[in-house]
A.B. asks: 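The structure is given below, and queries will be raised subsequently.
When reading the values below, keep in mind they use all heavy atoms of this one structure, side chains included, and skip hydrogens, waters and symmetry mates. Chain letters run A, B, ... following the sequence lines, proteins first, then strands; residues in each count from 1.
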Amino acid sequence: MMAQRGYWANLRTGLRTVWTGLRLTFRHLKQARRRRAPVPIWDPSYFRQPDGQVTIRYPHEAIPVPDTGRYRLHNHIDDCIGCLKCARVCPVDCITIETIKAVEDLGTTSNGQKKRLWIARFDIDMAKCCYCGLCTMVCPTECLTMTKVHDFSEFDRDNMVYHFANLTPEEAEEKRRLAEAAAARPTAPVREGASEKPAAGSGKPAFAPRAVPRGQSAPPGQAGAPATRPAFAPGAVPGPEPEQSGEAEPKAETSSPQAEERKPTPRPFVFKRKES
Amino acid sequence: MGSGMEFFIALLGPVLGVMFVALLVASFIALYTLAAVYAERKVSAFIQDRVGPLETGPRGLLQTVADILKLLLKEDIVPRMADKPLWVVAPFVVFSAVFVGYAVMPFGPELVAANLNVGVLFITAFAAFEVAGLLLAGWGSNNKYALYGAVRSVAQVISYEIPAGLAVLSVVLLAGTLNLQEIVLQQGIGASGPRHLFGLPFLPDVSALGGLFTWNVLAYPHLLIAFAIYFIASLAEVNRAPFDIPEAESELVAGYHTEYGGIKFAFFYLAEYGGMLLVGLIGAVLFLGGWHSPLPNLGPVRLADWTTGPIWGIFWLLLKGFAAVFVHMWARWTLPRLRVDQLMYLCWKVLTPFAVAMVVVSAFWASWR
Amino acid sequence: MATVYEIRDWIVERFGPEGVRELQLERVIPPALVIDPARLREICRFLRDDPRLYFDQLMCLSGVDYGPERDQVAVVYHLHSTVHDHQIALKVIVSRSENLEPVVNKLEYTRIGPDGEPIPNAEPPEAPEADFGEERVEYVTEYLPAVDTVSDIWRTAEWHEREAYDLVGIAFRGHPDLRRILTCDDWPGHPLRKDYVWPEYYHGIRVAY
Amino acid sequence: MSTSPAAGAARWAASDPNRVRLKDLRTEEMVLNMGPQHPSTHGVLRLEVVTDGEIVIDVIPHLGYLHRCFEKHAESLTYPQVIPYVDRMDYLAAMNNELAWAVAVERLLGIEEDIHPRVQYIRVLMAELNRIASHLVSIGTFGQDAGAVTPFLWCFRDREHILNLFEWASGARLLYNYIWIGGLMHDLPVGFEERCREFVQYFRPRVRELNDLLTYNTIFVERTANVGVLPLEVAINYGCSGPMLRGSGLRWDLRRDDPYLVYPDLEFDVCVGRGEVGTPGDCWNRYKVRAEEIEQSLRIIEQCLDQLQRGVARRTADFDPQKLCPPRVVPPRGAEVYARFENPRGELGFYILSDGTEKPFRVKARSPSFSNLSVLPEISRGAMLADLIVILGSVDIVLGEVDR
């Protein structure tokens, strides 16, 4: 194999190319005295930085994220009209929205659209999010945006669920009551993703034993917490309206300590999720 | 320092003295390894346009200390199917083989732990013994990758002993001694007998000049080729790229030390870096004037005289050794890895013939002189 | 470069009118010939070796399940000639429920508890230390619709046929190594079947989602 | 979990899909399991290697460790929603995948010809940039497989600039969802074309540097030339494509031979393995094809930039590529298409069958790596263990695409 070009020619080529390589790497070794500044790509000097070290010392310095950067989602809930378009377009179903029909006037969004629904729940599971940005593109009021925040790691996966709704559970319950009273027909909350299996609490009792202890241990000082949870208890007969007592109500909470206890809520698995 | 140490040895007896020196050398190797690992990381980083360790300590200097602490604190896991005695003893065999080599290394005038008259033989013998440890490690791990690494390393070391040995032989023939200290002494000021520039009798005698010109590679120019051969072979002996076939990361994961962790792995590391320095030092002793200064006496400016002494000796020798280590690193981060058969080709068909030629030249030179 | 009509005519000329059952042109890119499953191998060999055609490359082999209503599965071969630079699609449509072929290649997996009873997969273990039981593996025979293999004509087909077997559940008669390729060896069912039931547990691991 | 040996053995049996049985081996043979966790399998691929010493007797690849059933997902998603999933197939060349999916669906809809020229040029520009990025990874990891670590990091250094460009244009660094059916997510940011041109200028010397360090290095040549020779007829029969096929000497590039978008208007050479060193079809020639394709891609990029800055695809105020996308993608019932595209790794084909709804009835992705990998056992028998790594590196697989 080596004797392809003759012994001496090979030897000469070998020495030459090895020397070329060594010279090249030595040049880089010398260049290491200089280093690139972490300039953004839109800076005209981006490709005119000196040769040398290129590493960015990340926590200390970072390349600025462009304005188009698609990272953490943010919802400006005041502008949300609860149209569910984002939840429907999401390929991974990481957005969960519950709305309640409003009887009173909710005003308009900042771009003049009429708001008709209370947003009892607007959760985005950023752990599931695939950052495709489709939800921000379909949003009619442009309230759902992807921000430039890209470093938001958490120790607990549950903290990756972001709650954007601005109603407390009590408020949500009241709105729901009002809505039911106002309308002759019952307005069950629309729950995207879980719509096929309404009684999730009764459908999967197997998960309840895991759900309850974790929820209890999380907020130790909360007196009211256990009261909302009996629907999850093992073997408990689901209430007459498991949807509201077991599912919807605790989920509509927004404050963070209570947020933890509703995380283990079983999410019924359905492969075909978006039946139109 | 030399005389102080002699006094010390005479006072406390040879055993204690040997232990002290051993401890000194061992702690030196450990400290040097810490520095060398750091240097390797920095060199590789700079070659690759990176910054290297920076966060632990000032300029990342404590990174290797942190790593060694991590290794020391790690759980000592023995694979269930391993051949335990062999597996346990292997890293220590490997390290000892390297460590023993330092015993005969002349660090300065009168500064040698064991002034053996067969020092060259001793050092090459023990360098070859290292492979026994690697084989134990590979076999004892009971891991196929480790076994591959061990077998490859045995094949490699056996091949590379030959050109390396021949290159050493070409020096020994000219020096007429196997004593490392004497070989060094011949290469500087105070060398007995005339020593002509480039070994040619019509050129001036440089034995009084000292410095660079009395080194073997300049006194006998063909030894430059011998030195190159020795250097390449020594790269292979310590399993460094482009001859890191036994631990080829992309093929054999980590070769013979795949299964090792914690303190045992640290010993392999010590052995590797200790070995790098050792082969560099041997090269310096045999070819580059050992602990002699490269600065010549120029008339009244007696640079060679001024820069000779025990401290200077350690300084110059280590400088030469570190330079060799740097070249090892430089080559490692430049060149791809050879395949086993290509390594054999390089050894048997390129290096060995040239080494034989150098021995022949040396033999003629020695008899003619 | 031959047109699809020419190709059809040549096949018909060689294999008779039953050789090509249908020519699909409308909204089908590239045009497809529905051919007789029984003569698939002959036709493929002809397509590859005939100097006018030289379909030397099988670009893609796709298994398609038309669902239980239509009760058919198809294998679609997209052929291409690097010599003449023309393309064609071949389709073989076979029944989904008749003339099934037994395939003994699937591992059935059960967990046997300490009492010797199989542990149902529905419940995850309470704690990691709990006895998870032993695994028992059995071979079972499946009955699948079958098509002749073309893996000896185009070697591309070897893996693509394995994939079609794995995901769509089509057996390939004469395939040298018909194993599952993408899913695990003991995966239940064939995921791209339209009536596929998504399992909730696999080896006691919840796989939903 | 039970820790008794019997239970362990049973567990082993269930998760032991080894093809080679101990009783089938000769005495001197040994089975080496390479992967799924191995530095050189480029992901989670398992190779069951039967070896006789250093010689490889047989290789049996085991796939599927990264299988997520893309095709099943695609059946339950609308056409535009599939794009993020397509991104994740060949995650090193997401733009090319998106382009392939978008054009395939456009062909299914019959609107392929109506795409705005600026959209087309931007797509080609992005695809070629991503081809460079992908080839850089391929070359770098190939060098690393051969033991040279430095080229790998140099390649990544330059790839970073491309990713920065992509992030600027699309907002994401790796999985872009930028090329949409009928249009794009948005227009290029102002100044993008200039920066792109600077990138080309910056990058050309870096390619030369890379050639100096790696391509013509004797050790590298010795390691790769005449290793894993893939004869042309075998390559065609196994359905190899892309640099695999061109490395074997066939001048075959879908951008030229089955063109899509504006590729017919662009000037570029199709690089083939010429056997400059070694023989056509060996690892070095496959590598070289990739290295040369980088330069051809730079040429294409320059032509695209000419058009985007001054030519038919100039920036106009009213250009909104998002508005060009059809609001609902519903192909006619029974329509089916097999569309193929030149990805960095070869021919990416999508077979899409529509049932007249918003969701495809069946999608089959013919991924280049899948077919390219299938030839691995054929060309690595008789090679040495170290060669197997190099051959695998030269096939340049992306497991996300092999397993889908």
A.B. asks: To the nearest 0.5 angstrom, please state how far the OG1 atom of A/T20 sits from the CZ atom of A/R23.
C.D. replies: 5.5 Å
A.B. asks: Side chain, backbone, both or neither: which part of D/R197 has a non-hydrogen atom closer than 4.5 Å to chain A?
C.D. replies: neither
A.B. asks: Measure from the ring center of A/Y46 to the ring center of D/Y202 and say whether it is less than 6.0 Å.
C.D. replies: no
A.B. asks: Could you state the interatomic distance from CZ (A/R121) to OG1 (A/T96), rounded to the nearest 0.5 Å?
C.D. replies: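 Nearest 0.5 Å value for the CZ-OG1 distance: 5.0 Å.
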A.B. asks: Tell me, side chain or backbone of D/H161 under 4.5 Å from chain A's heavy atoms, or both, or neither?
C.D. replies: both
A.B. asks: When the ring centroid of A/F164 is compared with that of A/H74, is the distance short of 6.0 Å?
C.D. replies: yes
A.B. asks: Side chain, backbone, both or neither: which part of D/Y176 has a heavy atom under 4.5 Å from chain A?
C.D. replies: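 The backbone, not the side chain.
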A.B. asks: Please state whether the side chain, the backbone, both or neither of D/P80 comes within less than 4.5 Å of a heavy atom of chain A.
C.D. replies: backbone
A.B. asks: So among A/C86, A/C90, A/P91, which one has a side chain to side chain contact (heavy atoms under 4.5 Å, CB included) with A/L134?
C.D. replies: A/P91
A.B. asks: With a 4.5 angstrom heavy-atom cut-off, could you sort out which part of A/D51 is near chain D: side chain, backbone, both or neither?
C.D. replies: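 Contact with chain D: side chain only.
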A.B. asks: Between the side chains of A/R88 and D/E358, is the shortest nitrogen-to-carboxylate-oxygen separation below 4.0 Å, so that they form an ion pair?
C.D. replies: no
A.B. asks: Taking the side chain as every heavy atom from C-beta outward, state whether D/V137 and D/R159 have any pair of such atoms under 4.5 Å apart.
C.D. replies: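 D/V137 reaches D/R159 side chain to side chain.
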A.B. asks: Relative to chain D, which segment of A/H150 carries a heavy atom at a distance below 4.5 Å: side chain, backbone, both, or neither?
C.D. replies: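 No part of it gets close to chain D.
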A.B. asks: Which bit of A/R12 is near chain D, if near means a heavy-atom gap under 4.5 Å: side chain, backbone, both or neither?
C.D. replies: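 Neither part.
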A.B. asks: Sort out for me which of A/R27, A/H28, A/K148 touches chain D most, counting heavy-atom pairs under 4.5 Å.
C.D. replies: A/H28
A.B. asks: Between D/Q322, D/M185, D/R157, which shows the greatest number of heavy-atom pairs under 4.5 Å with chain A?
C.D. replies: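 Top count of heavy-atom pairs under 4.5 Å with chain A: D/M185.
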A.B. asks: When you measure from the centre of the six-membered ring of D/Y85, is the NZ or CZ of D/R88 closer than 6.0 Å and no more than 45° off the axis?
C.D. replies: no
A.B. asks: Could you look at D/L213 and say if it's the side chain, the backbone, both or neither that has a heavy atom under 4.5 Å from chain A?
C.D. replies: both
A.B. asks: For A/R16, is it the side chain, the backbone, both or neither that has a heavy atom under 4.5 Å from a heavy atom of chain D?
C.D. replies: neither
A.B. asks: Mind ranking A/V18, A/T17, A/I41 by heavy-atom pairs under 4.5 Å with chain D and telling me who comes out on top?
C.D. replies: A/I41
A.B. asks: Answer with side chain, backbone, both or neither: which region of A/L15 has an atom nearer than 4.5 Å to a non-hydrogen atom of chain D?
C.D. replies: neither
A.B. asks: Between A/G133, A/G21, A/C132, which shows the greatest number of heavy-atom pairs under 4.5 Å with chain D?
C.D. replies: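 It is A/C132.
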A.B. asks: Take D/E71 and D/R362 through the salt bridge (charged side-chain N to carboxylate O under 4.0 Å, His left out) test and state the conclusion after the steps.
C.D. replies: CA-CA 7 Å; D/E71 292 162 10; D/R362 168 83 167 101; 3.2 Å; yes
A.B. asks: Between chain A and each of D/W154, D/F192, D/W180, D/F220, count heavy-atom pairs under 4.5 Å; write down the option with the most.
C.D. replies: D/W154
A.B. asks: Salt bridge check: are A/R36 and D/E160 linked by an N-O gap of less than 4.0 Å?
C.D. replies: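 Not counted as a salt bridge, because no side-chain N and carboxylate O are separated by less than 4.0 Å.
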